[in-house]
Amino acid sequence: MLELRILRNEKDRVTEGLKKRNLPDEVIDLVEEIIVMDDTRKKSQSEMDAILAQINQISREVGDLMKTGKRDQAEDLKTRVAELKETNKVHEESLRNAQRLLEEKLITLPNIPHVSVPFGKTPEENEVFKTWEGPLPSLPENALPHWELAKKYQVFDMELGVKISGSGFILYRQNGARLQRALINFFLDEASAAGYEEIQAPLLVNSDSARGTGQLPDKEGQMYYVERDDLYLIPTAEVPVTNIYRDVILKETELPIKLTGYTPCFRREAGSYGAHVKGLNRVHQFDKIEIVRIEHPDRSYDALMEMLQHVEGLLQKLELPYRILRLCGGDMGFASALTFDFEVWSAAQQRWLEVSSVSNFETFQTHRMKLRFKSEQGDTKLAHSLNGSALALARIVASLLENHQTPEGIRIPDALVPYFGKNRLS
RNA sequence: GGAGGAAUGGCAGAGCGGUCGAUUGCGGCGGUCUUGAAAACCGUUGACUGUAACAGGUCCGGGGGUUCGAAUCCCUCUUCCUCCGCCA
């Protein structure tokens, strides 16, 4: 949620930023509407406060009068308070309404894109920020897509996933199960080595947590929901991990906070069908190692670059062809101010697959979560939050299988051999 | 699942209808003393809102109620603790 203060003080920057997201004019106009609503809110609030101040004052006088036995005078004051309370009901009501309306509107505004975010509406307009050095691998004529390779080498079984759960659920077996475990351990070790504290978090979260990181109300339909217990299955470790610090005031010296966690991620992916969902391209449950950082506002963009390097290092170690995109305004997530996506080349499908998304949310999440820090000067300020996938497994497996296929089997990159136990999957 | 108890500032812990936003201790910060540190002593130390700055307002787990007045009384929800039952 955007800070009202920013709307009021930097209206031009806000409206310019929102235009980058290609939002309709009605949304842009909301900024002005919200400011007007806030004026109304302030007015009601101060009127109410004045009356409350009177009531407090009179109540004290009543106390004194009662003690000194002046009951008649006390009775007069009591009726006066009753009148004031009656008047106050009106203000209370309008304050509640103003606040509710304000909140409803404010929560619909996405984050303001960073200045470096390019204009654009669709994924095609994302800016290629960096591409790996080597050429895209050229595979032999008989190269197979990962879902064929999976059958050939006993990596995963789509039919069993369907039998047990439904479409979009994968059952990994033999080589695949071991490869999953190898990748998870590899990614966690890399994150630990980079100074991230390893977290094992709950996979079901309450609505406060889902709201804290912005999944509610924006992505409600994308999450699995357990109605009986009012809990959501996490769509990413970002939710439980970032919410560790919901409602927390940190000391400035505690920053930065660097956390990592492996979790399965559950996504309904409602409305996604067709060729692009084939195999591991889009599934309801996948494994992901997430890195999360809570940063001082002055350092958050440096931190973002560090995260980028970390993820890039992983892809290099896995010897996968990748590129980094700076997302355009139209393609960015709701809560993000700047997002870089990593894509790996799916050689057999001849297309790029998104495997990581690294974002700075600035104060968008921390405002909602009340995640603050106390500065050296003693004032409390909102921290910045960032996160990124490092990495998402399913598509990495897809890319690994396709790019490293050889007539003798799937070549395992050197960095992964100690985890997988052998240098070839066959 | 059943029975009982509890929830107060960073922590511990008083207050149980009227200057209580809250006694006190610890911790933190500043100072005195000291070459420096410790100890001792003195002072200071919650958040939100509001204002140009004051003032004012709100917050004692959440929500609702009683009252002129609620941290204190009542209802309700949540969480934690103890005991019993069940169980990986």
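Lettering of chains follows the sequences in order, A, B, ..., and the numbering in each one begins at 1.
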Between side-chain atoms of residues 160-178 of chain A and protein atoms elsewhere (two or more places apart, or another chain), which donor-acceptor pairs fall under 3.5 Å?
{"residue": "A:Asn175", "atom": "ND2", "partner": "A:Tyr153", "partner atom": "O", "Å": "2.8"}
{"residue": "A:Arg178", "atom": "NE", "partner": "A:Phe420", "partner atom": "O", "Å": "2.6"}
{"residue": "A:Arg178", "atom": "NH2", "partner": "A:Phe420", "partner atom": "O", "Å": "3.4"}

What's the gap between [N] and [M] when it is taken at their [atom1] atoms, as a whole Å value?
N     : M     : atom1 : value
B:G10 : B:C60 : C1'   : 16 Å
B:G85 : B:U66 : C1'   : 39 Å
B:U45 : B:C54 : P     : 15 Å
B:A47 : B:A14 : P     : 25 Å
B:G61 : B:G21 : P     : 16 Å
B:U51 : B:G64 : C1'   : 33 Å
B:C87 : B:C48 : C1'   : 45 Å
B:U72 : B:G15 : C1'   : 8 Å

Please evaluate residues A:Leu393 and A:Phe286 with respect to the criterion side chain to side chain contact (heavy atoms under 4.5 Å, CB included), reporting the C-alpha separation (whole Å), side-chain torsions for both, the decisive distance (0.1 Å), and the verdict.
CA-CA 7 Å; A:Leu393 287 216; A:Phe286 62 94; 6.0 Å; no
Could you give the distance from OH (A:Tyr245) to CD1 (A:Ile257), rounded to the nearest 0.5 Å?
3.5 Å
For the atom pair CG (A:Leu183) and CG (A:Leu400), what is the distance rounded to the nearest 0.5 Å?
6.5 Å
How many Å lie between [atom1] on [X] and [atom2] on [N], as a whole number?
X        : N     : atom1 : atom2 : answer
A:Glu86  : B:C68 : CD    : P     : 13 Å
A:Leu95  : B:G50 : CG    : P     : 12 Å
A:Met48  : B:G50 : CE    : P     : 13 Å
A:Ile55  : B:G18 : CD1   : C1'   : 16 Å
A:Asp229 : B:U78 : CG    : P     : 12 Å
A:Arg96  : B:G63 : CZ    : C1'   : 12 Å
A:Arg246 : B:G61 : CZ    : C1'   : 14 Å
A:Leu250 : B:G46 : CG    : C1'   : 16 Å

Partner lookup for [N], please. Criteria are Watson-Crick or G-U wobble with both distances under 3.5 angstrom; report none if nothing qualifies.
N     : answer
B:C68 : B:G18
B:G43 : B:C29
B:C86 : none
B:G50 : none
B:G4  : B:C81
B:U34 : none

Which residue, A:Gly63 or A:Leu77, contacts RNA chain B at a nucleotide closer to its 5' end, judged by nearest heavy atom?
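Going by which nucleotide is closer to the 5' end, it is A:Gly63.
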Show the atom names and distances, to 0.1 Å, of all donor-acceptor pairs under 3.5 Å that link a side chain in residues 27-35 of chain A to residues at least two apart or in another chain.
{"residue": "A:Glu32", "atom": "OE1", "partner": "A:Lys11", "partner atom": "NZ", "Å": "2.5"}

For a quick check of understanding: with a heavy-atom distance under 4.0 Å over all strands, which category does A:Val62 fall into, base, sugar-phosphate or nothing?
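Base contact.
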Using a cut-off of 4.0 Å on non-hydrogen atoms, how would the nucleic acid contact of A:Leu52 be classed: base, sugar-phosphate, or nothing?
sugar-phosphate
Can you pull every protein N or O that's under 3.5 Å from an N or O on nucleotides 47-49 of chain B?
{"residue": "B:A47", "atom": "OP1", "partner": "A:Lys374", "partner atom": "NZ", "Å": "2.6"}
{"residue": "B:A47", "atom": "O3'", "partner": "A:Arg372", "partner atom": "NH1", "Å": "3.2"}
{"residue": "B:C48", "atom": "OP1", "partner": "A:Arg372", "partner atom": "NH1", "Å": "2.9"}
{"residue": "B:C48", "atom": "OP1", "partner": "A:Thr380", "partner atom": "OG1", "Å": "3.0"}

Would you say A:Lys85 reaches B:G69's phosphate, i.e. side-chain N/O to OP1/OP2 under 4.0 Å?
yes
B:G57 phosphate, OP1 or OP2: any side-chain N/O from A:Asn56 under 4.0 angstrom?
yes
Would you tell me whether [X] and [Y] have side-chain atoms, one donor and one acceptor, within less than 3.5 Å of each other?
X        : Y        : result
A:Asn206 : A:Ser209 : yes
A:Glu295 : A:Tyr301 : no
A:Glu148 : A:Gln405 : no

Ring geometry between A:Tyr225 and A:Tyr232 (parallel below 30°, tilted from 30 to 60°, perpendicular above 60°):
tilted
